[in-house]
> 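Submitted below is the structure of interest, expressed as structure tokens.
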Amino acid sequence: MKYDKTDIPSRYEQARKLPEETTKLWLETVSRYIPQGSIETIIDLGCGIGRFSKALADHFSAQIYGIDPSWKMLKEARGATLSTKVTFLRGSAEYIPLTDGLADLIFLSQVYHHIEDKKRAFLEIKRVLEADGFLCIRTSTIENLNTILYLRFFPPALKKDMEFLSSRNDIIDTVHSSGFKLKGHEIVRQKFANNLEEYCEKIKSRGLLDLVSITDEEFHDGLAKLEIYCKEQDTETDVLEELDFFIYTKV
Ligand SMILES: C[S@@+](CC[C@H](N)C(=O)[O-])C[C@H]1O[C@@H](n2cnc3c(N)ncnc32)[C@H](O)[C@@H]1O
């Protein structure tokens, strides 16, 4: 499903805003594998509303290009990000509108499963990545879906995710056969909300693709069950979930 055919872009910030410490956790995770001072230009590929773009630019003191095929996502990104270090451009993983060898780091966050032509995308990624550059993939996988709280209450959304997402080994095999060497793989436990009330509000805003892909009835049924569950729990608990992180260099 294309984001421009939905109204997710206007709700994305509310649905997916990360606590500051979670953004920091990801920046630290990326940095652990990268020699200090080696990053001048970054591509946030499939940047969406630019959730990570400015944070990456500031953290690495780098110039960053946020690329996305969705006009609506880019409009939100441009409206939310005021920085001379960040440029948003329309493009896709399959067609990156930048010159060869430009980037020291390419960051793909929750985009891997959206790429229809992986073969072409990895050729493009190789083309724009500098010889010693890094490719980072931050993504949900089939294996980490059982750590995502709301999916317990929305079986039809879980079913869509199971069909849509890749397994860890699938990603490792695909990227390896596209000419990249795995430098590291971690399962990162991130805080997604500071408490259950905040969590319910995020889910209620229905800014996640799997929740848009189910019927209104299925959505309202799941939401009612999630709200009951949240009321019964200690509402002050952090809401944690796991994502996979892969980092690659070119072979
Ligand atoms: C779940 S959002 C992730 C946005 C952002 N990276 C983040 O973590 O907040 C997925 C994004 O991938 C974009 N996308 C879809 N197909 C793509 C493709 N073939 N190449 C690059 N981006 C794509 C969508 O338009 C959307 O903005």
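Numbering of ligands and ligand atoms starts at 1, following listing order.
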> Just list the N/O pairs, ligand 1 to protein, that are under 3.5 Å apart, with the distance for each.
residue, atom, partner, partner atom, Å
ligand 1, 6 (N), Gly46, O, 2.7
ligand 1, 6 (N), Ser109, O, 2.8
ligand 1, 8 (O), Arg51, NH2, 2.9
ligand 1, 8 (O), Ser109, O, 3.4
ligand 1, 8 (O), Ser109, OG, 2.6
ligand 1, 9 (O), Tyr12, OH, 2.9
ligand 1, 9 (O), Arg51, NE, 2.6
ligand 1, 9 (O), Arg51, NH2, 3.2
ligand 1, 19 (N), Glu94, OE1, 2.8
ligand 1, 20 (N), Ala93, N, 2.9
ligand 1, 25 (O), Asp68, OD1, 2.7
ligand 1, 27 (O), Asp68, OD1, 3.3
ligand 1, 27 (O), Asp68, OD2, 2.7

> With sequence neighbours excluded, give me every salt bridge (Lys or Arg N to Asp or Glu O under 4.0 Å) pair touching residues 87-116.
Lys2-Glu116, Asp100-Arg127

> Under the rule for ring pair (Phe, Tyr, Trp, His ring centres under 6.0 Å), what residues qualify as partners of Phe107, not counting sequence neighbours?
Phe52

> Scan the side chains in residues 33-41 for donor-acceptor partners under 3.5 Å anywhere in the protein, sequence neighbours excluded, and list what turns up.
residue, atom, partner, partner atom, Å
Tyr33, OH, Glu186, OE2, 2.5
Ser38, OG, Pro35, O, 2.6

> Any cation-pi pair here, Lys204 with Tyr199, using under 6.0 Å and within 45°?
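Output no; distance or angle outside limits.
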
> Salt bridge or not for Lys75 and Asp68, using N-O below 4.0 Å?
no

> Are more than 12 heavy atoms, taken from residues, nucleotides or ligands other than Lys250, located less than 6.0 Å from that residue's NZ atom?
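Count over threshold, so yes.
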
